[in-house]
Structure formats: structure tokens, C-alpha cells
Number of protein chains: 2
Amino acid sequence: MNSARRQATRQRLFQAAVTLIAEQGFSATTVDEIAERAGVAKGTVYYNFASKNELFEELLRHGVGLLTASLREAGADVTARGGSHVDAIDAMVRAGLAFIAEYPSFTQLYVAELWRTNRAWQDTLMVLRKEAVAVVEQTLRDAVAAGELSEEIDVPLTAAALFGMVLVAALDWLSFQPERSIDDVHAALSRLLQGRVAGHARA
Amino acid sequence: MNSARRQATRQRLFQAAVTLIAEQGFSATTVDEIAERAGVAKGTVYYNFASKNELFEELLRHGVGLLTASLREAGADVTARGGSHVDAIDAMVRAGLAFIAEYPSFTQLYVAELWRTNRAWQDTLMVLRKEAVAVVEQTLRDAVAAGELSEEIDVPLTAAALFGMVLVAALDWLSFQPERSIDDVHAALSRLLQGRVAGHARA
DNA sequence: TCTTTTGAACTGACTGGTCAGTGCAAAAAC
DNA sequence: GTTTTTGCACTGACCAGTCAGTTCAAAAGA
């Protein structure tokens, strides 16, 4: 069991499911479609996953796992080279952009499900969200502790806002200005974060 | 036709549909459920709307219309009182938060659908999105023209990033820290935009 | 080396249930 | 008397999940 062949099949099913569900949503995507796109019989889906729900949950776990790892690594890299915690946050913004550029379908699907309630995979999703957000929040807290950021900032809310900024900017970028480079987009976001859009004075 | 009574029925159907679809998604929500929640017979749904799809499209038009009007008004208010264009943007951030706090279900549903492709209402959604984003973009352009903002900023991307920041921060606020006031949340976002999180120096 | 057996992996027709949408006569509201 | 709503039976398409049967590579046996 769990042969290389089986792993390959599961991978193909993930790939097929992620694009179809991103395009149409979970309920509107049929198991037959997923099987067909993966080039596999319907029975194979059920040989590899207990249900359509479980296929989707495993897909979520897999994808968010990649994102979390990517953020953590980006932050660790910077601090290992002696960068500040604020630099680490900047690196995470970039890592977020890179992740979304690499897995746009997964991102779409994740966003579409994240704030839903009453769905079978809600609990799973909450746990995963917490893991990913924790990486950013910890870095913000480190930055506050190191005196790089004011103690008045609200860590959870700021982390959410950063996440949303990167998310929507990236999806917009890929949808409407796909010719632009990641450097370009990253620079635009850094500019926004440096207060060159909102101005500095004010109560 | 279009009597006050009928309008009231349509409103009840919108209300029922928006919460159910936000919770479960469009495909997973049945017409029977919508009718039941609205306290109306199934036949009434089809007397008032041509199809489930059309009910949803009209719901989208209605909701995004409210958002666009709210943003436009917030901006106009500020400039009418002699505020700067940057102040107008700040007011729009607040208006966005207020809208999401008032219509959280609609917001969820909108986010879930916004980046989907291959759905029947995709075209409608693009048009609506453009109308809403245009309000923010125009204000950014005005600010640049007035010399309040650097010409190097990327207007569409910045507008998208602002939108994402408000969106995700607001949903996070309502989901996980609902006891906080809108002033509080608004202040946190302003702080982020004023560069007190990212720092100011850098190439 | 050649043959047989084994079992994991896969297949696809089939089933039971669900749901969008219809039709319509009668009642209620205006 | 016109518009709107009700109640409810009905249809046809669609779809998640099942299961008896097939494939085939590799291990066991000769």
C-alpha cells in the first residue's frame, strides 16, 4: 500500500480537483469531472479517498501546509542572515506573493471557503488557518519585543490585514496584470506599507 | 406590478438567500431552503425571479450597488468638507469596514465568488467589481494629481491591496474579535497604512 | 527460464436519492 | 377584478457512492 503508483494517482486527483473546485466551487464540481480530468475512473477516486469531502479536506491540508512552510522558511532565512524582524515580514509578503503565483487555483479555493460556516471541513480549516497566521503573528510579536515596532499595534488584526493585502493584490495581479513581475508587485506593496500612500502625520 | 408588497417579498428572499449562500455556497443551497427561510412558498420564488441563478445575480447587483454608493458617498463627504484626497481614502476604509459589519453575509458570499471563473454570473460580477474599484482608483488618481501622493504608485494594484486589507481585516474582526469597536479596527488599519509597521527607510 | 498465483490498483455500469423547475387551481391581498 | 401568493404533486436530469469484475507487475514455485 501507498506505492509510488498510488501516490502519483493521488497527486493527479489533487491537481484535477484543485482547478475544477477553484473554477466552480466544491458543490458544483462532480466526482465524475474530477476523475475525468485526472484521467482515471470514478472508482479510483473512491479507492484513494473515502469521500468527496475527504478528498477536499486532504487537499486543503496539503495546500495550507505548503503555504505555512513557505512563510516560515522565508522568515527564518532573513533572520538567519541577520536581518531585522521587519525585514522578515517583508520577506513573508514576498513569499506569499510567490506562493499565490505558483498555486493560484488553490488560493482561490481557499479564500472561497475560509469564512464559510456550517461546512463539514470548517474545523479543519480553522486549525490550518491558525497555523499559517501564527507564523506571521509570531514575527510581529518578535518585532515588537525587539523594539522595532510600537507596542500599540494590534498583532492579530495587523496579521490579518497583511494577509488580506497580499492575497487580494496577488489575485488582482494574476487576473488583470499578469505580465507584471513579482518584484514590481512586491515593490508596490512595500510602498503602501511604508506609508507613502496614507501619509504620516495624524492622530 | 412591482408593488410595495412584491418588493417586500423580494427583500425577504434576498435576506434568506444571502445568509444561506454565505454559509453553504450557491450550489449547496436549495430553492426550497430559501423559500422556507423567507417564509414563502416555493412558487413565490419563481413568481418573483426567473431562476435560482437570476435571484443570485440580482442579489449581487443589489449588494455591490450598496457598497459602491457607500464608498462614493464617504469620499464625497470628506472632499465636500474640504478634506484632502488622502483623507477621502481613509474615510473609504472606514466606510468599507462599516459596510462589511452591516452586511457580513453578503461580503462572505461576494469574496467566495469574486475570483471564480466559468460561472454563469461571472460577467455581471466583473462589471460590478469594476464599478466599485473605480471609486477608489479615481480618488487615488486625484490624490496623485493633487501632489498628495507620489506619481510612482501603482493605482490599480494599490486599490486592490487596500480593498484586500479592509476585507480580510474586517472578516477577521467579525469572526474572532467581534467585541471590538469599528474605531479600534479603523485605527489599527490606519496605523498599518501610515507605515508604522513596515518602517520607512529602504530602497 | 518459464509458469502460476497473488493482491493492490483500477474500472465503469448501476442505484437510490436529491433538486431545479413546472403546472395549476384556489385563496388572499390590494 | 387584477395582482400576488399559496400548496403541492410531479418530472427529468443529475450525482455521490457502491460493487462485481478486470488488469498487471512482481513474487513464488517448478
Side-chain angles (χ1 to χ4, degrees), chain A residues 1-60 109 112-113 116 118-122 124, chain B residues 1-60 62 109 113 116 118-122 124:
Chain A
M1 57 169 68
N2 245 341
S3 65
R5 184 182 176 203
R6 194 171 178 183
Q7 277 307 314
T9 303
R10 289 169 65 100
Q11 196 59 43
R12 299 238 302 294
L13 285 169
F14 277 159
Q15 205 101 39
V18 80
T19 53
L20 285 167
I21 296 176
E23 284 168 6
Q24 307 177 323
F26 175 80
S27 299
T29 300
T30 68
V31 175
D32 289 281
E33 278 178 308
I34 295 173
E36 192 191 346
R37 166 104 37 132
V40 133
K42 187 177 190 176
T44 302
V45 176
Y46 285 93
Y47 181 76
N48 283 282
F49 299 95
S51 64
K52 186 187 176 188
N53 265 309
E54 193 165 309
L55 163 57
F56 186 55
E57 274 198 51
E58 291 202 27
L59 181 56
L60 287 174
L109 160 173
E113 294 300 329
R116 279 211 206 305
N118 292 350
R119 303 257 65 193
W121 50 80
Q122 198 52 39
T124 304
Chain B
M1 58 168 67
N2 246 342
S3 65
R5 184 178 171 214
R6 196 172 176 181
Q7 278 305 314
T9 302
R10 291 169 62 100
Q11 195 60 42
R12 299 239 301 293
L13 285 169
F14 277 160
Q15 206 100 39
V18 80
T19 52
L20 286 166
I21 296 177
E23 282 169 8
Q24 308 177 324
F26 175 81
S27 300
T29 301
T30 69
V31 174
D32 289 282
E33 276 178 310
I34 295 172
E36 192 191 345
R37 164 103 41 130
V40 133
K42 187 178 183 177
T44 304
V45 176
Y46 284 93
Y47 182 76
N48 284 280
F49 298 95
S51 65
K52 186 187 176 189
N53 264 307
E54 193 165 308
L55 162 57
F56 187 57
E57 272 197 54
E58 292 202 27
L59 179 56
L60 286 174
H62 184 247
L109 159 173
E113 294 299 330
R116 281 213 205 302
N118 293 348
R119 303 256 65 192
W121 50 78
Q122 197 51 40
T124 304

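Chain letters run A, B, ... following the sequence lines, proteins first, then strands; residues in each count from 1.
Rounding to whole angstrom units, CZ of residue F56(A) and P of dG17(D) are separated by 14 Å. If you measure from atom CG of N53(B) to atom P of dC19(C), you get 17 Å, rounded to the nearest angstrom. Summarising the geometry, the separation between NZ on K52(A) and P on dG17(D) is reported as 8 Å, rounded to the nearest angstrom. dG21(C) atom P lies 10 Å from atom CD1 of I34(B), rounded to whole Å. Atom CG of L13(B) is separated from atom P of dT4(D) by 14 Å (rounded to the nearest Å). Distance, D32(B) CG to dG17(C) P: 18 Å, rounded to whole Å. Atom CZ of F49(B) is separated from atom P of dT4(D) by 13 Å (rounded to the nearest Å). Between E36(A) atom CD and dG12(C) atom P there is a gap of 12 Å when expressed in whole angstrom units.
A ring-ring contact (aromatic ring centres under 6.0 Å, His included) check over residues 3-51 of chain B, counting only residues at least two apart or in different chains, returns the pairs F14(B)-F49(B), F14(B)-H62(B), F26(B)-F56(B), F26(B)-W121(B). Screening residues 38-49 of chain A for salt bridge (charged side-chain N to carboxylate O under 4.0 Å, His left out), with sequence neighbours left out, gives D32(A)-K42(A).
At the heavy-atom level, S27(B) lies nowhere under 4.0 Å from the strands shown.
Within the 4.5 Å cutoff, the side chain of L109(A) has heavy atoms near those of the L59(A) side chain.
Every residue two or more places apart in sequence or in another chain that forms a side chain to side chain contact (heavy atoms under 4.5 Å, CB included) with Q15(A) is listed here: Q11(A). Residues that satisfy the side chain to side chain donor-acceptor pair (under 3.5 Å) test with T44(A), not counting sequence neighbours, are absent from this structure. Residues that satisfy the side chain to side chain donor-acceptor pair (under 3.5 Å) test with N53(A), not counting sequence neighbours, are absent from this structure.
Comparing V31(B) and V45(A) along DNA chain C, the residue whose closest nucleotide (by nearest heavy atom) sits nearer the 5' end is V45(A).
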Between the protein and nucleotides 5-9 of chain D, are there any N/O to N/O pairs under 3.5 Å, and if so, what are the atom names and distances?
unit_1: dT5(D); atom_1: OP1; unit_2: T9(B); atom_2: OG1; d: 2.4
unit_1: dT5(D); atom_1: OP2; unit_2: N48(B); atom_2: ND2; d: 3.0
unit_1: dT6(D); atom_1: OP2; unit_2: A41(B); atom_2: N; d: 3.0
unit_1: dT6(D); atom_1: OP2; unit_2: T44(B); atom_2: OG1; d: 2.5

